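As structure tokens, the structure follows; a few thoughts come after it.
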Amino acid sequence: MVVTEYDVLAEVYEWLISDAKLPPAEFAASYDDVLSLLPPNARVLDCSCGTGQLAVGLAGRGIEVVATDASEAMVRRTAELSEEFGASVRAVHANWEELPDHFEDDTFDMVFCVGNSLHHAVGATGRGAALESMSRLLRPGGRLVITSRTWELVRARGSRLDIWDRLVRRNGRDAVVAYRWEIAPQWEDEHHIEIAIAQVDAAGPVLVRSELLSCWPYRHEVLEADLHRVGLRTEASTFDPEAENYTVVASKV
């Protein structure tokens, strides 16, 4: 089972996306290295599409793109962004385990699961089922692209409150972003992240949107083993134990 979340934050999610990746074309450009490996007439799935920046950016390059998310609100916002940019993106409300109900096996040349999303799969069983679905949908030789937090660092810092030290400006409004981490005693236990976005305006009230998210962290080597179990071989990884995030590219054997 995958927990459906981000329905509250979907409306203000752009405050969580970096300035550099907010334009869809720039978001897609951040994956130029792996996109260069796509064959002609490729089909691509973004299975944690968020508000659609990556999917719309890929469609803008003429790539056939399907975008899915477990949050119905995120899927709606992806469809809206696609319409705004005149991009052809099929947006589908589905969690990872439901993907084989919507698509045939061996359908896509590349699957993206980015935005540090995989930790929302429920424990080792849920994570394995999610990766199994992604692997099934890839054609032989196709690639899965995953981004992840470095959970070894997150857990080492313990439960805490992180408040961004700058205002983020979106849609003519400024906001302060805060993350509250609840770190459980054991790796396999349910952890929580509460994300709050406080929109501030000198002429009006502060508007706060927040959501408490469940997550199940994993070590880097555990992710590597999980990928191997579902028939994927790691081609590239940016994992650095001192870096906040990393990307893994794995190909279907």
Side-chain angles (χ1 to χ4, degrees), residues 1-10 13 16 45-50 68-75 93-101 111-138 144-162 177-196 210-232 234 237-250:
M1 177 182 177
V2 179
V3 179
T4 302
E5 298 173 338
Y6 286 98
D7 285 341
V8 173
L9 289 179
Y13 192 69
L16 301 179
L45 170 66
D46 180 359
C47 67
S48 52
C49 65
T68 66
D69 203 280
S71 164
E72 191 169 4
M74 289 293 197
V75 171
H93 179 215
N95 67 40
W96 293 308
E97 293 180 36
E98 295 169 339
L99 291 174
D101 298 332
V111 173
F112 284 90
C113 179
V114 298
N116 296 320
S117 301
L118 188 60
H119 59 245
H120 294 307
V122 181
T125 300
R127 186 172 62 253
L131 292 171
E132 174 67 29
S133 291
M134 298 177 209
S135 180
R136 281 181 57 180
L137 299 190
L138 278 171
L144 173 63
V145 182
I146 293 178
T147 63
S148 176
R149 299 184 191 279
T150 305
W151 279 100
E152 293 86 346
L153 280 180
V154 175
R155 281 186 48 83
R157 293 167 181 160
S159 299
R160 64 197 183 279
L161 177 65
D162 288 336
V177 178
Y179 283 69
R180 183 175 64 85
W181 303 84
E182 294 180 10
I183 304 301
Q186 304 298 325
W187 274 91
E188 62 271 18
D189 294 340
E190 180 176 354
H191 294 48
H192 293 98
I193 311 170
E194 183 175 11
I195 305 175
S210 69
E211 193 161 3
L212 184 64
L213 307 171
S214 296
C215 53
W216 286 264
Y218 47 83
R219 296 177 176 86
H220 169 254
E221 62 264 26
V222 170
L223 175 59
E224 294 280 352
D226 288 343
L227 291 169
H228 182 76
R229 269 192 293 271
V230 299
L232 297 170
T234 299
S237 174
T238 64
F239 177 73
D240 177 340
E242 302 303 320
E244 299 291 331
N245 303 280
Y246 61 94
T247 301
V248 174
V249 180

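None of the values given here were measured: they were computed from a predicted structure.
Listed for the S48 side chain is a donor-acceptor partner under 3.5 Å among the backbone atoms of V114. T150 places no side-chain N or O within donor-acceptor distance of the main-chain N or O of L153, the cut-off being under 3.5 Å. In this structure, the side chain of D69 engages the main chain of G50 through a donor-acceptor pair within 3.5 Å. Judged by distance alone, with hydrogens and angles left aside, the side-chain atoms of S159 form a donor-acceptor pair with the main-chain N or O of I183 at under 3.5 Å. The main-chain N or O of V248 is never found under 3.5 Å from a side-chain atom of S237 such that the two would form a donor-acceptor pair.
Taking D162 as the reference, R160 meet the salt bridge (charged side-chain N to carboxylate O under 4.0 Å, His left out) condition, with sequence neighbours excluded. T234 meets the side chain to side chain donor-acceptor pair (under 3.5 Å) test with E224; sequence neighbours excluded. Partners of S210 according to the side-chain contact (heavy atoms from CB on, under 4.5 Å) rule, which considers only residues two or more places apart in sequence or in another chain, are E194, A196. Listed by chain and number, the residues in a salt bridge (charged side-chain N to carboxylate O under 4.0 Å, His left out) with R136 are D105 (sequence neighbours excluded). By the side chain to side chain donor-acceptor pair (under 3.5 Å) test, R149 is found to be paired with no residue, residues two or more places apart in sequence or in another chain being considered. Partners of Y218 by side chain to side chain donor-acceptor pair (under 3.5 Å), not counting sequence neighbours, listed by chain and number: S148. Every residue two or more places apart in sequence or in another chain that forms a side-chain contact (heavy atoms from CB on, under 4.5 Å) with T68 is listed here: L45, C47, V66, V92, L99, F103. Checked against side-chain contact (heavy atoms from CB on, under 4.5 Å), H192 has the following partners two or more places apart in sequence or in another chain: E182, E190, L212, S214. Not counting sequence neighbours, the partners of E244 by the salt bridge (charged side-chain N to carboxylate O under 4.0 Å, His left out) test are R157. For E98, the salt bridge (charged side-chain N to carboxylate O under 4.0 Å, His left out) criterion is met by no residue, not counting sequence neighbours. In terms of the side-chain contact (heavy atoms from CB on, under 4.5 Å) criterion, residue partners of S135 (sequence neighbours excluded) are, by chain and number, V230, L232, K252.
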**Item:** Criterion side chain to side chain contact (heavy atoms under 4.5 Å, CB included) on L223 and W151, from CA distance to verdict
**Value:** CA-CA 11 Å; L223 175 59; W151 279 100; over 6 Å; no

**Message:** side chain to side chain contact (heavy atoms under 4.5 Å, CB included) for E152 and F239? Distances and angles first, verdict last.
**Reply:** CA-CA 11 Å; E152 293 86 346; F239 177 73; 4.1 Å; yes

**Message:** Using the rule given for side chain to side chain contact (heavy atoms under 4.5 Å, CB included), can you reason through Y179 versus L213, listing the C-alpha separation, both sets of side-chain angles and the distance that settles it, and then say yes or no?
**Reply:** CA-CA 11 Å; Y179 283 69; L213 307 171; over 6 Å; no

**Prompt:** Hey, mind stepping through V75 and E72 against side chain to side chain contact (heavy atoms under 4.5 Å, CB included) and telling me if it holds?
**Reply:** CA-CA 5 Å; V75 171; E72 191 169 4; 5.6 Å; no

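The salt bridge (charged side-chain N to carboxylate O under 4.0 Å, His left out) contacts involving residues 114-134 comprise R127-D226, where partners must be two or more places apart or lie in separate chains.
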